[in-house]
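Keep in mind the model is a prediction, meaning the values are calculated, not measured. Naming: A, B, ... by sequence-line order, numbering from 1 per chain. All heavy atoms count here, side chains included; hydrogens, waters and symmetry mates do not.
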Amino acid sequence: MRYSQTLLPTLKETPAEAEVISHRLMLRAGFIRKLTAGVYTYMPIGLAAIRKVENIVREEMNRAGAQELLMPMVQPADLWVETGRYEKYGPELLRFRDRHDRESCLGPTHEEVITDIARKELHSYRNLPINLYQIQTKFRDEIRPRFGLMRGREFIMKDAYSFDVSDEAAGLSYQKMFDAYKRIFTRCGLSFRAVQADSGAIGGSFSHEFMVLADTGEDTIVVCKNCEYAANMEKAVVKLVPVNHEAAPGQMEKIETPGKRKVDAVCDFLGIEPRQLVKTMVFKADGKPVGVLVRGDREVEEVKLKNLLGAADIELADDKEVFDATGVPTGYLGPVGVDLRIVADQEVAAMQNFYVGGNEKNYHLKNVNLGRDFQVEAVADLRQITTDDPCPECGGKLETTEGIEVGHVFKLGTGYSESMNATFQDKDGQSKHFVMGCYGIGVSRIVAAAIEQNHDDKGIIFPVPLAPYTVIIVNLGGSDETINSAAEKLYQDLMAAGLEVLLDDRDERPGFKFKDADLLGIPYRVTVGKSFKENGMMEIKHRRDGVVEELTPEDTIGRLKTAIFAQLTN
RNA sequence: CGGGGCGUAGCGCAGCCUGGUUAGCGCGCCUGCCUUGGGAGCAGGAGGCCGUAGGUUCGAAUCCUACCGCCCCGACCA
């Protein structure tokens, strides 16, 4: 492509709307332009990068035996009512009525549509297993879109759905996708990690997320330094460390704690450690108050709580709501004798003679024991894991890092096939529900994640497989015909060699062109200018490490071909 | 939705507090000259319902009210 004829509007200054690096660079490099909150136009060069990702995804999906199809973006509400998700999905599902007043929605995901296809078209075990996928634009009316392509409302996703005869067979399909995902992200040149995850609104029993490691990640993941264990913080199982109960249960006692509401203040005042205290947090589970007990130095993990309660929505209650629900001001709430639904973290159940709020302003209770002094509805793992906790698999040391979720694989089981009555006839003539799996990849997000992971202060540094162009020729010839025709010939030759080349033929000064080349992140830059005029040499500069090579035109072509194709084959 | 902030030329901003001529600056854009290995220089030029609506006032970008949009922090997720 000739730069002079391309819509490639680079910006010297960063638009004020952009905060994170990938968003800033994509705006500056002319990859995207915002239409409205969370909705972007992919400009030509941005689309080129997206296509690179799509093609890698497509190749690997096909290699794994999946078949591509394309489902509608507009979906009838009826299908969603069948699975109960029309209620459950919430405001993220954009709903509207068509001219016939039919309830419709924009597809945020396609389990319903694909299951409908399956029940209509797949009748026999002979059709199975099958894995169908699409690469399509999704719409989720996110509460707060942010970070450019990282969390848009409209985004491109690859979603795949597998159908199997049995749980065991579904496990195989799952593993196949898991392996394909590893290949995909490896080919994209990303540094990533597969982690155990919560299955969220999609539902299902078992899932892994693929996380690109980057500081701007929206998720925290815990990783074992010793074994292969890695999990989303939300999901990471806390392994209860046994404690020895040496002390005999003491007499419960009311003690005065004037004005001491916060855990630290109470502990300072009483001369105790936060680990000896149990705090009572009030959450609203679908609007209804629930008390949650955790040790004073722990944090409640809302996702675990949500799963335990089977709630669609969990929110921490504010001071007023706590008072309304219990009649106790925050800071003095406790489980003893309170009229509130209470659940406890497993750690609390193992504690003895602890301190809790006294359900009365300025009072706490000491020597409290679960079971003797109060009862709870459930005991479960409800707190956030910390790096002090042992690895749940091997007991090793854990560490945390930030991650961007670029892929998610789920074992769905028969939830959708049952609610939509999607069955096939098995060998024995019996009707059975499909055992399903679903597998998503955030295609547009990958481009953003790749930039988060590959940039410097000058701009983007694309991994070769994702680069919209692999070579940029900077022609500094001006009016010099010798140089111009050499640059032109190189352009033609490189294209003939199968490379994607951008020829900077603009009437601009050298510095201007170099800055743009750096910003765009094209892996190899060839400068044709003075040194070609003087001794017939061209200069290759590697974007990533700044290495410079002076070569003849023939060697330049050879060198680029070798280098680029080497990075494309895996 | 809760908390914070912002809407003035294509982009980045100043002006607003303390109302008063023709609304500025940098970048970009157009014309010409000049320059050509790291975002040059000179000269000329185009481009503004000051987010929208209402109010206060002799007079509003500036003060007041409402609305709309956008960004950042939390709940959501590929």
Relative to each other, are the rings of A:F410 and A:H408 parallel, tilted or perpendicular (30° and 60° limits)?
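Parallel.
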What's [X] touching, base or sugar-phosphate or nothing? Going by heavy atoms closer than 4.0 Å.
{"X": "A:E539", "result": "base"}
{"X": "A:D159", "result": "nothing"}
{"X": "A:F147", "result": "sugar-phosphate"}
{"X": "A:G152", "result": "base"}
{"X": "A:R153", "result": "nothing"}
{"X": "A:I441", "result": "sugar-phosphate"}

Return no unless some side-chain N or O of [X] is found under 4.0 Å from OP1 or OP2 of [N].
{"X": "A:K306", "N": "B:C76", "result": "yes"}
{"X": "A:R144", "N": "B:C76", "result": "no"}
{"X": "A:K34", "N": "B:C71", "result": "yes"}
{"X": "A:R146", "N": "B:C77", "result": "no"}
{"X": "A:T36", "N": "B:C70", "result": "yes"}

Side chain to side chain contact (heavy atoms under 4.5 Å, CB included) with [X]: which residues, sequence neighbours excluded?
{"X": "A:K176", "result": "none"}
{"X": "A:D518", "result": "A:K458, A:R525, A:R543"}
{"X": "A:D324", "result": "A:K320"}

Is the NZ or CZ atom of A:R95 positioned over A:Y86's six-membered ring, under 6.0 angstrom from the centre and within 45° of the axis?
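Satisfied, under 6.0 Å and within 45°.
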Tell me which residues in residues 519-532 of chain A put a heavy atom below 4.0 Å from RNA chain B, sorted by number, or none.
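Hits under 4.0 Å, by residue number: A:R525, A:T527, A:G529, A:K530, A:S531.
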Taking A:R140 first and then A:E154, would you say they form a salt bridge - that is, a charged N and a carboxylate O separated by under 4.0 Å?
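Salt bridge: no.
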Between [options], spot the one nearest the side chain of [X], thanks.
{"X": "A:A37", "options": "B:C71, B:C1, B:G37", "answer": "B:C71"}
{"X": "A:D219", "options": "B:A78, B:C77, B:C76", "answer": "B:C77"}
{"X": "A:R151", "options": "B:A78, B:U36, B:A75", "answer": "B:A78"}
{"X": "A:R509", "options": "B:G37, B:U36, B:C27", "answer": "B:U36"}
{"X": "A:K12", "options": "B:C76, B:G37, B:G39", "answer": "B:G39"}

My understanding is that only residues two or more places apart in sequence, or in another chain, count here; which of them pass side-chain hydrogen bond (donor to acceptor under 3.5 Å, both in side chains) with [X]?
{"X": "A:D219", "value": "A:N232"}
{"X": "A:T556", "value": "none"}
{"X": "A:H208", "value": "A:Y174"}
{"X": "A:Q196", "value": "none"}

Is there a donor and acceptor pair, one atom on the side chain of A:K541 and one on the base of B:G38, closer than 3.5 Å?
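Between B:G38 and A:K541, which were checked side chain against base, a qualifying N/O pair under 3.5 Å is present.
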Using whole Å, what does the distance between atom P of nucleotide B:G37 and atom CG of A:D507 come to?
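Spelled out: CG on A:D507 to P on B:G37 is 14 Å.
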List in chain and number order the residues that pass ring-ring contact (aromatic ring centres under 6.0 Å, His included) with A:Y40, two or more places apart in sequence or in another chain; answer none if no residue qualifies.
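With sequence neighbours excluded, A:Y40 shows a ring-ring contact (aromatic ring centres under 6.0 Å, His included) to A:H23, given in chain and number order.
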Pull out every protein N or O sitting under 3.5 Å from an N or O of nucleotides 42-46 of chain B, one pair per line with the distance.
none

Given the C1' atoms of B:C50 and B:G32, what is the spacing between them in whole Å?
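Those two atoms are separated by 33 Å.
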A:D555 backbone acceptor or donor facing A:T552 side chain under 3.5 Å
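Yes, A:T552 side chain to A:D555 backbone: donor-acceptor pair under 3.5 Å.
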N/O contacts under 3.5 Å, protein versus nucleotides 6-16 of chain B?
unit_1 : atom_1 : unit_2 : atom_2 : d
B:G12  : OP1    : A:A16  : N      : 2.9

Do any side-chain atoms of residues 283-293 of chain A form donor-acceptor pairs under 3.5 angstrom with protein atoms, and if so which ones, sequence neighbours left out?
unit_1 : atom_1 : unit_2 : atom_2 : d
A:K284 : NZ     : A:E321 : OE1    : 3.4
A:K284 : NZ     : A:E321 : OE2    : 2.9
A:D286 : OD1    : A:A312 : N      : 3.0
A:D286 : OD1    : A:D313 : N      : 2.8
A:D286 : OD2    : A:A312 : N      : 3.1

